[in-house]
Amino acid sequence: MDMNRRQFLTTSALTVTGLAGCSAASKTDGNGSDGADGAESNSEQFAGLPDTVGLDTLTSGLDGPVDVVFGDGRRYLAEQRGTIRVHEDGTLRSEPLLDLREAIETGGEKGLLGVAVHPQSEERLFVRYSAPSRPGTPSNYSHTFVLAEFRISDDGTSVRPDSERTVLEIPQPQGNHNAGDIAFGPDGYLFVAVGDGGAGGDQGRGHVTDWYDRVEGGNGQDVTENLLGSILRIDVDADPSRPPLRGTPADHGPDAGYAIPADNPLVGTTGLDEHFAWGLRNPWRMAFDGDQLYAGDVGQSRFEEIDRIEAGGNYGWNVREGRHCYGAEECPDSTPAEIRGGERLREPVVEYPHSGAPVSGISVIGGTVYRGSALPGLDGLYVFGDFQADGELFVAAPTDAGQWPTTVLPVAAGDAGRLHRIRSFGRHDGDVYVVGIGTDGGALHRLVPGGE
């Protein structure tokens with residue numbers, strides 16, 4: 001029996017993270033009336049694409065995995081209910097490296113949502129999680145967004161007791177649209193994905209009034225009142241005793257453990273200086289390929305998107321959902337001249353509908369560019385997926401401008417059952433990894449040639 005998107009996410013056997021929208025049909029039952037007008041193609045860019053890919057399952061039995069990052073011979077796996085597990089030498093350690101289950105809020109889209117290892121010091125572990133409301137979070141809000149740093153013990157088996165240092169807190173008005181991914185860029189700064197605050201349509205409790213009057217809300221188009229609906233860029237190597245350089249330590253406390261990179265786009269102008277890009281609804285998983293950052297942004301009810309994230313980029317929410325007007329028949333393609341000089345609303349590089357096309361689904365999972373050697377036909381292509389994977393991955397061919405061609409990349413029949421749901425992607429030494437849920441429960445897989 002088909003169900004709408006909200007029912008599907010609510011009745012999933014495992015907790016769902018970061019993926020809520022309003023409604024959508026199954027990707028197999030639509031008639032395409034929403035307009036499957038993306039750049040889906042059997043383009044020449046896919047001439048060497050393998051018919052299928054296989055899954056080399058590195059570890060399984062994970063409890064609601066949401067993220068994987070890589071250290072020196074170690075794979076750090078975040079589980080939504082509050083633990084970070086370590087996989088090394090072909091074995092998943094029985095004891096977690098970090099256990100936050102007594103300190104976090106879970107349920108729905110809350111929990112432990114992201115992890116990153118400092119590029120210069122693997123002992124420095126950064127974690128993004130949902131905490132019970134802390135001082136400064138309004139009493140009618142859902143919870144507090146926390147970004148914290150932990151120190152790993154010298155033997156790498158545990159986190160040092162009492163080593164947690166809160167880097168950033170953000171009041172979260174609703175329980176959903178928490179995003180949660182964190183990643184260090186090649187510049188050494190930490191990029192932090194933040195959802196629009198929850199509920200639907202960027203409206204309701206905790207959603208401010210913006211410049212766009214045709215649709216109420218919201219945080220995605222505002223850069224002055226809060227840090228929601230954006231990707232932030234911060235310097236976590238600053239003196240922890242120094243407040244943020246924008247001079248409002250009351251927002252995050254006198255010991256805020258970060259500074260603002262001087263070249264962030266709003267430095268010296270109107271707006272909160274932590275913002276790097278905005279106009280985002282619920283950015284779920286982001287990844288660097290060289291200097292370029294790509295992020296998946298979960299749609300409201302019709303379209304999913306992948307964005308090429310650039311400094312000062314406005315990605316349109318809630319004026320647009322993907323390349324389409326949201327809540328109105330017509331909409332502008334830029335802000336008014338008095339709003340940051342009339343910045344253009346940037347179109348996604350990939351858009352796909354919730355039904356009616358081979359590349360379709362219910363909630364995008366941002367991926368990464370393949371740079372490995374095992375699958376030469378994937379070299380330089382962007383591998384991504386949808387939460388409702390059902391044994392399929394998607395591939396896009398990056399172009400300098402316009403919409404990227406996309407196509408389906410099936411998982412080999414013998415492995416497809418291991419990937420009913422996708423939670424995240426990772427890359428190490430050019431190889432692409434996928435975190436998902438299937439017949440082996442929660443598992444980490446590496447993409448290999450089909451049949452291996």
Side-chain angles (χ1 to χ4, degrees), residues 18 66-71 76 78 84 98 100 112-131 144-152 159 163-170 178-195 223 226-246 251-253 255-267 272-278 280 283-296 307 309-313 366 368 424 426-428:
V66 294
D67 202 6
V68 59
V69 296
F70 301 86
Y76 298 91
I84 293 179
L98 176 64
L100 293 171
L112 197 165
L113 302 175
V115 59
V117 175
H118 194 284
Q120 302 302 320
S121 175
E122 194 171 340
E123 76 163 3
R124 300 180 63 185
L125 188 73
F126 292 81
V127 176
R128 155 77 174 90
Y129 64 89
S130 307
T144 301
F145 162 125
V146 175
L147 172 66
E149 178 183 357
F150 295 85
R151 295 287 177 139
I152 299 175
V159 164
S163 69
E164 179 173 4
R165 178 177 72 89
T166 298
V167 177
L168 172 67
E169 296 177 354
I170 300 175
N178 295 318
D181 206 5
I182 54 178
F184 281 95
D187 54 13
Y189 296 129
L190 186 63
F191 290 72
V192 183
V194 187
V223 297
N226 57 55
L227 298 176
L228 300 171
S230 301
I231 290 176
L232 316 178
R233 179 176 178 249
I234 59 176
D235 177 4
V236 296
D237 294 323
D239 180 351
S241 67
R242 184 174 62 188
L245 296 186
R246 62 183 170 85
D251 286 351
H252 305 303
D255 295 324
Y258 68 92
I260 304 297
D263 59 347
N264 269 12
L266 296 181
V267 171
L272 303 181
D273 294 341
E274 290 92 334
H275 289 292
F276 183 77
W278 44 90
L280 296 158
W284 185 254
R285 303 302 99 176
M286 57 185 180
F288 280 93
D289 181 50
D291 293 334
Q292 184 59 67
L293 177 62
Y294 301 115
D307 295 306
I309 302 297
E310 298 178 348
T368 189
S424 185
R427 188 177 75 181
H428 183 62

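The model shown is predicted, which means the values in this text are computed figures rather than measured ones.
The NE2 atom of His118 sits 7.5 Å away from the CD atom of Glu149 when rounded to the nearest 0.5 Å. Separation of atoms CG (Asn178) and OG (Ser130) is listed at 5.0 Å; rounding is to 0.5 Å. One distance of note links CD1 of Ile152 with CG of Leu125; it measures 4.5 Å at 0.5 Å rounding. Rounded to the nearest 0.5 Å, atoms CD1 (Ile234) and CG (Asp237) are 10.0 Å apart. Atom CZ of residue Arg124 and atom CZ of residue Arg165 lie 6.5 Å apart, to the nearest 0.5 angstrom.
In this pair, His428 and Phe70 present their aromatic rings parallel. The plane angle is below 30°, not in the 30 to 60° band.
Side-chain N or O atoms of Asp67 include none that pairs as donor or acceptor with a backbone N or O of Gly114 at under 3.5 Å. Without hydrogens or angle criteria, Ser230 side chain to Trp278 main chain gives no donor-acceptor distance under 3.5 Å.
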Check: For Phe288 and Phe191, what are the C-alpha separation, side-chain angles and deciding distance, and is it a ring-ring contact (aromatic ring centres under 6.0 Å, His included)?
Finding: CA-CA 10 Å; Phe288 280 93; Phe191 290 72; 5.1 Å; yes
Check: Given Leu168 and Leu227, is the side chain to side chain contact (heavy atoms under 4.5 Å, CB included) satisfied, shown in steps?
Finding: CA-CA 11 Å; Leu168 172 67; Leu227 298 176; 4.2 Å; yes
Next item on the list: Tell me, with the steps shown, if Phe276 and Ile309 meet side chain to side chain contact (heavy atoms under 4.5 Å, CB included).
Entry: CA-CA 9 Å; Phe276 183 77; Ile309 302 297; 4.0 Å; yes
Next item on the list: Begin with the C-alpha distance, continue with both residues' side-chain angles, and end with the deciding distance and a verdict on side chain to side chain contact (heavy atoms under 4.5 Å, CB included) for Arg128 and Leu112.
Entry: CA-CA 6 Å; Arg128 155 77 174 90; Leu112 197 165; over 6 Å; no
Next item on the list: I would like to know whether Glu274 and Arg233 meet salt bridge (Lys or Arg N to Asp or Glu O under 4.0 Å); could you show each step before the answer?
Entry: CA-CA 6 Å; Glu274 290 92 334; Arg233 179 176 178 249; over 6 Å; no
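In this structure, Ala116 and Leu190 approach most closely via the heavy-atom pair CB-CD1, 4.4 Å. Ala193 and Ala179 get closest at one heavy-atom pair: O-CB, 3.5 Å. In terms of heavy-atom proximity, Met286 sits nearest to Ile182 at CE-CA, 4.0 Å. Across all non-hydrogen atoms, the minimal contact from Ala295 to Ile231 is CB-CD1, 4.2 Å. Here the closest non-hydrogen pair linking Ala277 and Glu310 is CB-O, 3.8 Å. When every heavy atom of Ser424 is checked against every heavy atom of Arg285, the shortest pair comes out as OG-CD, 3.2 Å.
Between Phe145 and Tyr129, a ring centre-to-centre spacing not shorter than 6.0 Å is recorded. Aromatic ring centres of Phe184 and Phe126: separated by under 6.0 Å.
Checking Tyr76 against Glu122 by side-chain atom types alone, a donor-acceptor pair falls below 3.5 Å.
By the 4.5 Å heavy-atom criterion applied to side chains, Pro283 and Asp181 are not counted as neighbours. Looking at heavy atoms from C-beta onward, Val267 lies in side-chain contact with Ile260 at the 4.5 angstrom threshold. Between Val159 and Ile84, the closest side-chain pair of non-hydrogen atoms is not below 4.5 Å.
Counted within 6.0 Å of CG on Asp291, heavy atoms from surrounding residues, nucleotides or ligands total 12 or fewer; the atom is thus considered open.
Results of the side chain to side chain contact (heavy atoms under 4.5 Å, CB included) test with Leu232 over Asn264, Ile170, Leu272 single out Ile170 as the only residue that passes.
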